[in-house]
Amino acid sequence: MNADAAEPKRGGPPGRGALAQRGAVAALAVFVERRALVMLALGFASGLPNLLIFDTLSLWLREAGLSLQVISIFALATLSYSLKFLWAPLIDRTRVPLLTGLLGHRRSWMIVLQVLLMLGLWMISGVDPARDLALMAAFAALVAFVSATQDIVIDAWRIEAAEVEKQGAMAAAYQWGYRIAMIVAGAVPLILAEAYGWSASYAVMAALMLAGVAGVLGAPREKAHAVRPIHAEGVPSRPLLELPEWLARFAVFGLGALLLGSGLAADASLLAALLAGAGAPDAGEAVRAAWAARPEGVYLQLLSVAVGLGVIVLAILPIPGVRTRPGVYLFAALGDPFRDFLVRYRGVAALILALICLYRLSDFVLNIMNPFYADLGFSKIEIAEARKVFGVVMTVLGVGLGGFLVARLGLMRALVIGAFAGPVSNLSFAWLATQGPQLWALFVAIGIDNVAGGISGTCLIAYMSSLTSAGFTATQYALFSSLYALPGKLIASQSGRIVESSAAAADAGGPISGLKALFAGLPPEAFAGAMEKSQVSPAALGAGYVLFFMYSSALGVAAVVLAFMVAGRQPEAPGGPEASGEPARGEPGDAQSRQST
């Protein structure tokens with residue numbers, strides 16, 4: 001039951017304001033619980049290696065004299081984050097010898113992975129990229145893989161350590177820690193490198209991973225972890241006959257992962273390298289060029305994702321009419337978690353998956369914001385102050401507000417509010433475009449957008465967490481978190497094209513030419529480079545941006561509709577799961593009657 005329902009009446013029923021006040025205090029109290037403070041440290045341990053590999057390292061490589069083309073190849077290490085759901089079943093099913101008995105299933109994995117991260121960062125600190133680039137790349141790939149795996153375990157521990165109504169606060173604490181790590185990893189290594197060199201800098205960063213170790217050791221012991229059984233009864237063990245099947249399945253699985261990852265990363269470098277290794281370098285270069293073409297390359301990337309998923313499914317499916325251990329084990333590891341989700345949420349599973357894919361779509365398409373600010377006439381210093389300082393503060397505020405809404409209003413109500421937040425906040429940028437280079441307007445628009453983004457992101461994390469099932473937590477959440485960014489990555493590639501084509505249409509006297517009147521009174525520095533950069537008039541470029549932001553807001557309407565539909569099929573029980581007869585998270589149940597809080 002909630003705090004209001006459990007409160008005994010003293011001298012008559014309390015007033016409506018008193019009930020709300022006690023509810024608000026109870027919602028805020030979640031943020032200072034031991035588990036939330038642990039999540040702060042774990043969020044720091046998650047964010048630190050991420051930025052060190054995918055951002056800060058590029059400056060070290062550039063100073064070592066490497067070309068931008070070579071440096072960009074290091075970005076392929078991000079594939080580990082996109083594909084982590086493929087090895088998440090190992091985290092759900094595998095025990096760490098000795099440590100699992102001492103620390104529990106999730107904490108033992110976290111300790112092992114954090115030690116590996118410290119070792120990996122320390123090994124990077126000892127490499128000179130100008131001499132041993134391949135070794136540096138191998139260590140960076142190792143750190144990326146281990147870091148992505150750590151994220152799997154941290155997410156699973158967060159979900160299993162707290163009730164659904166506390167997941168918002170847990171997600172907020174994680175994101176706060178992650179933000180702190182991004183600030184540290186973005187500034188401290190550069191300062192240390194200037195004074196002591198890059199090797200010493202990364203050695204210090206390796207030591208900072210001890211913050212995550214402290215968080216794990218300070219975390220409350222988790223409940224006993226139950227591994228879902230794999231039913232291979234009646235299937236004889238024939239190692240010599242099974243070995244070729246294992247090898248063939250893993251080869252097909254690897255091909256599917258390569259296609260899937262190349263599509264998700266929008267980079268065909270690995271495919272081109274594979275073709276070159278097979279004796280077809282010209283074909284590899286053709287694939288790379290086709291991948292980079294606009295807009296046709298986006299369709300190829302989407303096709304690669306779809307084909308890659310199909311190949312992976314083919315690799316894990318049992319052989320029709322023949323039960324073999326490789327088929328049984330692989331399908332149970334990767335197929336059972338998804339089947340479990342479909343069974344528990346039958347009748348609404350497709351809506352839920354669509355909601356996850358579309359929930360943040362209106363935010364993901366905003367990948368041209370720095371050019372927008374520059375076109376509007378703001379200086380680099382003004383953009384940095386607004387985005388990197390004020391914007392971070394507003395994001396932290398929004399994340400905390402999202403956690404508060406989940407705890408105070410319940411998960412589904414907060415989810416609906418978050419669905420509105422993104423599309424509505426995008427309209428603030430359409431308004432900003434009409435204001436010109438007014439610094440106060442820039443701060444207002446960025447403040448609104450970052451608060452809204454923090455709210456919607458936290459609500460989505462809490463909701464995806466509620467969908468997982470005991471025994472499959474790591475695999476299911478890793479799948480959801482890999483899925484939700486996919487449409488945005490593909491559609492976002494068209495953002496710049498939409499702005500410029502809309503601007504050209506406005507100059508040609510099309511239906512949106514009337515928007516040019518909004519920019520008649522702007523100072524000359526607003527959109528001053530429009531003709532040189534985009535071959536359109538300043539007013540037309542402004543109209544193109546306004547139409548783009550309206551388009552990005554309209555993309556969020558589908559998420560709002562889906563949020564209402566899903567909320568209608570998953571009504572919240574006023575007294576919580578115990579009062580409603582809801583099955584505990586992880587138990588099978590009809591989605592029509594399953595409550596979310």
Side-chain angles (χ1 to χ4, degrees), residues 42-84 86-87 110 112-155 174-175 177-193 197-213 257 261-262 264-267 269-270 478 481-482 485 489:
L42 296 180
F44 181 87
S46 176
L48 191 70
N50 187 300
L51 199 72
L52 288 174
I53 295 300
F54 304 131
D55 186 80
T56 308
L57 185 63
S58 63
L59 180 56
W60 184 0
L61 297 175
R62 188 61 169 171
E63 287 189 356
L66 300 178
S67 68
L68 294 176
Q69 183 177 357
V70 171
I71 293 172
S72 66
I73 295 175
F74 276 71
L76 291 175
T78 59
L79 287 179
S80 297
Y81 288 86
S82 299
L83 300 177
K84 62 185 179 181
L86 296 177
W87 62 87
M110 280 192 276
V112 169
L113 293 167
Q114 286 165 1
V115 170
L116 288 175
L117 283 171
M118 285 188 284
L119 181 61
L121 291 173
W122 179 77
M123 289 190 296
I124 286 176
S125 73
V127 177
D128 181 356
R131 296 180 179 178
D132 298 304
L133 182 61
L135 189 61
M136 174 70 85
F139 289 157
L142 171 66
V143 171
F145 176 80
V146 176
S147 179
T149 307
Q150 180 191 227
D151 285 359
I152 295 172
V153 186
I154 290 175
D155 286 330
Y174 173 85
Q175 292 179 83
Y178 198 98
R179 290 282 175 178
I180 294 171
M182 292 183 70
I183 294 171
V184 170
V188 175
L190 276 62
I191 297 171
L192 292 174
W198 283 107
S199 294
S201 174
Y202 266 70
V204 172
M205 293 299 102
L208 286 183
M209 284 299 300
L210 289 171
V213 174
S262 298
L264 290 174
D267 192 317
S269 296
L270 291 179
S481 61
S482 296
K489 286 182 179 180

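Hydrogens, waters and symmetry mates are skipped; everything else that's a heavy atom, side chains included, is used.
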Atom [atom1] of [X] and atom [atom2] of [Y]: how far apart are they, to the nearest 0.5 Å?
X	Y	atom1	atom2	value
Leu142	Leu121	CG	CG	9.5 Å
Met209	Leu113	CE	CG	9.0 Å
Trp198	Leu59	CH2	CG	4.0 Å
Leu116	Met123	CG	CE	8.5 Å
Phe44	Met182	CZ	CE	12.5 Å
Ile124	Leu119	CD1	CG	10.5 Å

For this session: Determine which pairs satisfy salt bridge (charged side-chain N to carboxylate O under 4.0 Å, His left out) with at least one residue from residues 113-132, sequence neighbours left out, and list them in order.
Result: Asp128-Arg131

Do you know the tightest heavy-atom contact between [X] and [Y]?
X	Y	value
Val143	Pro49	CG1-CB, 4.1 Å
Met136	Leu61	CG-CD2, 4.3 Å
Ala45	Gln114	CB-NE2, 4.1 Å
Thr56	Gly186	OG1-CA, 4.2 Å
Ile154	Ser46	CD1-CB, 4.2 Å
Ala148	Ser80	CB-O, 3.6 Å

[Y] backbone acceptor or donor facing [X] side chain under 3.5 Å:
X	Y	answer
Gln150	Leu117	no
Tyr202	Leu52	yes
Ser482	Ala478	yes

For this session: Look at the rings of Tyr81 and Phe54 and say which category their plane angle falls in: under 30° parallel, 30 to 60° tilted, over 60° perpendicular.
Result: perpendicular

For this session: Kindly write out the residues that satisfy side chain to side chain contact (heavy atoms under 4.5 Å, CB included) with Ala203, not counting sequence neighbours, or none if the list is empty.
Result: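 Partners of Ala203 by the side chain to side chain contact (heavy atoms under 4.5 Å, CB included) criterion, ordered by chain and then number, come out as Ser125.
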
